[in-house]
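What follows is a set of notes on a single structure, which appears directly below.
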Number of protein chains: 2
Amino acid sequence: MKSKKPATKAPKKQTRDLEKSRKEILDVAFMEVFSRGFQGVSVDDIVKKTSMTKGAFYHHFPTKLELGYALVEDVISPMIIDRWITPLEKFDNPLDGILQQLQNLIGNSPPAHLKLGCPLNNLVQEMSPVDKGFHKRLQTALNLWIDETEKHLNRAKAKGFLKKDVNTKKVAQFVVMAHEGFYGMLKGLDDPKAFHALYDSLEQYFAVIST
Amino acid sequence: MKSKKPATKAPKKQTRDLEKSRKEILDVAFMEVFSRGFQGVSVDDIVKKTSMTKGAFYHHFPTKLELGYALVEDVISPMIIDRWITPLEKFDNPLDGILQQLQNLIGNSPPAHLKLGCPLNNLVQEMSPVDKGFHKRLQTALNLWIDETEKHLNRAKAKGFLKKDVNTKKVAQFVVMAHEGFYGMLKGLDDPKAFHALYDSLEQYFAVIST
DNA sequence: AATTTAACATACTAATTAGTATGTTTTCAA
DNA sequence: TTGAAAACATACTAATTAGTATGTTAAATT
């Protein structure tokens with residue numbers, strides 16, 4: 001039996017950690033909501049997949065809706081930045097970066113993962129008309145995506161990759177729309193060739209606005 | 001009191017009509033599901049907004065899922081043909097028709113209606129990963145939309161409006177993707193100017209593939 | 001006209017739901 | 001060390017859920 005406590009200094013023997021617990025709930029909730037929808041998941045479902053109980057859940061989130069809000073603000077929004085914005089920094093031409101990321105994160109994704117769609121788009125379509133608090137936060141997340149994309153497009157313009165007369169705000173909106181559209185389409189279709197079709201068309205559009 | 005029955009031949013005094021009742025349930029269910037999502041609507045919700053009761057509902061549909069399937073096949077699919085395909089017949093150049101219909105049905109829609117998004121896209125995003133029966137039927141509906149769009153693009157090609165080397169299947173997929181993307185975007189954003197931004201970009205893309 | 005059957009209505013059930021009330025254990029500051 | 005508060009656990013509740021069992025009425029058939 002090794003239940004003896006070694007006399008060496010306790011190496012971080014915390015059994016309770018607010019931040020870690022919150023993160024565990026959010027992580028589990030994210031996957032559940034991602035795959036079954038916000039209204040399709042119950043608080044009990046989430047709790048069951050957690051190492052905690054209902055008491056813990058409601059210690060962290062006053063209502064199920066507040067958990068949903070936290071998912072948008074604390075999980076999904078940072079994820080968008082991580083996956084779609086930050087990687088663009090490595091590209092001299094942001095337009096190349098956008099196409100590259102589409103290829104990496106969507107084109108190269110296994111079909112099983114594509115079937116779940118986009119976490120943000122899923123919630124926009126499901127919850128935006130249903131709850132004002134959701135709508136507000138989802139709108140903020142979408143605008144964040146658009147604004148950050150626009151910044152890189154402005155950089156592209158400054159570097160001479162984009163025609164002088166292009167409206168980068170408009171293009172940014174179109175680019176984000178295409179991301180949502182790609183995800184939505186590939187979620188509904190099974191056709192693995194569909195991505196290339198969409199990708200090729202977007203590439204053609206990029207060619208028009210490029211120098 | 002006018003409760004007397006005129007001796008004139010009964011002018012269709014049916015109190016029970018299978019088809020009419022089914023249609024009433026489907027119509028009510030469509031609006032409820034359209035605005036609150038399939039999982040956000042209960043059978044009792046639907047029944048309450050109907051002139052019938054639960055007994056009638058389960059006389060027409062064995063389960064809630066079967067009602068959902070009927071919504072896709074009997075309500076939404078015909079609606080897509082009516083709104084997005086049939087109108088194209090009036091246009092000499094189908095590409096003009098597609099842009100016109102986008103302007104009519106989305107650009108000129110009141111924001112209150114745009115907030116509900118697209119009935120098909122809503123269900124694709126919410127239900128496609130959740131239930132196989134849904135996925136299959138939603139996929140069929142999407143492919144119907146794509147195939148019918150492709151037919152008109154082939155007509156455009158035959159008439160010389162499209163470049164000879166364009167792949168009409170690919171373009172059709174991109175067009176439907178754009179429709180879903182437009183709807184999804186405008187549902188999340190509030191910006192009334194967003195439509196024009198998206199529209200302009202799509203128009204530029206059309207210019208590339210046109211003669 | 002009588003009888004069968006189709007088109008419903010009414011009343012129920014067992015499971016699930018979000019949320020609460022109250023207890024227990026860990027942590028940390030004095 | 002102690003005591004208070006934070007971080008949970010347990011046990012409950014009232015409402016809602018999809019679905020059923022059974023009754024009733026209108027319509028079609030004979």
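Keep in mind that what you see is a predicted model, and the values were worked out from it rather than measured. Lettering follows sequence order; numbering is per chain, from 1.
Under 4.0 angstrom from either OP1 or OP2 of C/dC8 there lies no side-chain N or O belonging to B/His59. A close approach under 4.0 Å does not occur between any side-chain nitrogen or oxygen of A/Thr15 and OP1 or OP2 of C/dT25.
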Might you work through the side chain to side chain donor-acceptor pair (under 3.5 Å) test for A/Asn121 and A/Lys187, ending with a clear yes or no? CA-CA 11 Å; A/Asn121 193 34; A/Lys187 186 174 184 177; over 6 Å; no
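The closest donor-acceptor contact from the side chain of B/Ser77 to the backbone of B/Ala141 lies at 3.5 Å or more, if one exists at all. For the pair B/Gln125 (side chain) and A/Glu126 (backbone), a donor-acceptor distance under 3.5 Å is absent. Looking only at distances, no side-chain donor or acceptor of A/Lys115 sits under 3.5 Å from a matching main-chain atom of B/Ser128. Side-chain N or O atoms of B/Arg155 include none that pairs as donor or acceptor with a backbone N or O of B/Lys151 at under 3.5 Å. A donor-acceptor pair under 3.5 Å is formed between the side chain of B/Asp45 and the backbone N or O of B/Ser42.
Taking the side chain of A/His60 as heavy atoms from C-beta on, and the options C/dC8, D/dC8, D/dA9, the nearest nucleotide is D/dC8.
A/Arg16 has its CZ atom 5 Å from the C1' atom of C/dT26, to the nearest Å. One atom, CG of B/Asp17, and another, P of C/dA7, lie 9 Å apart when rounded to the nearest Å. Rounded to whole angstrom, the span from the CE atom of A/Met52 across to the P atom of C/dT25 amounts to 19 Å.
Side-chain atoms of A/Thr140 and A/Asn143 form no donor-acceptor pair, as typed in the model, at a separation below 3.5 Å. The closest side-chain donor-acceptor pair between B/Tyr205 and B/Asp200, if any, does not fall under 3.5 angstrom.
Comment: B/Lys169 does not engage B/Asp147 in a salt bridge, judged by the lack of any side-chain N to carboxylate O separation of less than 4.0 angstrom. Of the charged side-chain nitrogens involved, at least one lies within less than 4.0 Å of a carboxylate oxygen, so that A/Lys23 and A/Asp27 count as a salt-bridged pair. For B/Arg22 and B/Glu19, the salt-bridge test fails: no basic side-chain N is under 4.0 Å from an acidic carboxylate O.
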Under a 4.0 Å heavy-atom criterion, the protein footprint on nucleotides 15-20 of chain D, written with B, S and -, is --SBBB
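For the segment residues 19-26 of chain B, the set of residues with a heavy atom within less than 4.0 Å of an atom of DNA chain D is empty.
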Please convert DNA chain C into dot-bracket. A pair counts if it is Watson-Crick or G-U wobble with both distances under 3.5 Å; crossing pairs go in [ ] and bases paired with another strand get |. ||||||||||||||||||||||||||||||
